[in-house]
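Notes follow once the structure below has been shown.
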Amino acid sequence: VVVLDFWFTRCGPCVRMIPAANDLSDKMKGKPFVWVSVSVDASPETVRQFQEKNPMRGASWWVGPASRGLETW
């Protein structure tokens, strides 16, 4: 199972979901499961600084707000 979570640092519901996503990632450890946080923030530095204060488990990708992947997904 792969969960793609498109988010950005100023999205209140996105930020409030982080603890639940971390808990689920912990619960599924060792199983075929990965949570992939896909940031659409304007810069990867914004995401890095945010994640230093708000650790997120699973994979973390930055694609930016103009990513063609956003159109696809």
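Just so you know, these numbers use all the heavy atoms, side chains as well, and skip hydrogens, waters and symmetry mates. No experiment lies behind these values; they were computed from the predicted model shown.
Residues Val47 and Val40 are members of separate hydrophobic clusters, defined by side-chain heavy-atom contacts under 4.5 angstrom among Ile, Leu, Val, Met, Phe, Trp and Tyr. By the rule that hydrophobic residues join a cluster once side-chain heavy atoms approach within less than 4.5 Å of another member, Trp61 and Val34 end up as members of one cluster. In terms of hydrophobic clustering, with Ile, Leu, Val, Met, Phe, Trp and Tyr side chains grouped at heavy-atom distances under 4.5 Å, Val1 and Met17 are assigned to a common cluster. With hydrophobic clusters built from ILVMFWY side chains whose heavy atoms lie under 4.5 angstrom apart, Val3 does not share a cluster with Val38. Hydrophobic clustering of Ile, Leu, Val, Met, Phe, Trp and Tyr side chains at less than 4.5 Å, counting indirect connections, unites Val63 with Val36.
When all heavy atoms of Pro65 and Ala42 are compared, the pair lying nearest together is CD-CA, 3.9 Å.
Rounded to the nearest 0.5 angstrom, Ser67 OG and Phe6 CZ are separated by 7.0 Å. The CH2 atom of Trp35 sits 11.5 Å away from atom CE of Met28, with the distance rounded to the nearest 0.5 Å. Remark: Ser37 OG to Asn22 CG distance equals 8.0 Å, nearest 0.5 Å. Between atom OG of residue Ser39 and atom CZ of residue Phe8 there is a gap of 9.5 Å, rounded to the nearest 0.5 Å.
For the pair Trp7 and Pro13, the minimum side-chain heavy-atom distance is 4.5 Å or more.
Within the structure, disulfide bond (SG atoms under 2.5 Å apart) contacts touching residues 6-66 (residues at least two apart or in different chains) are Cys11-Cys14. For residues 44-56, the set of pairs meeting the side-chain hydrogen bond (donor to acceptor under 3.5 Å, both in side chains) definition, not counting sequence neighbours, comprises Ser43-Thr46, Glu45-Arg48, Glu45-Gln49, Arg48-Glu52, Gln51-Ser60.
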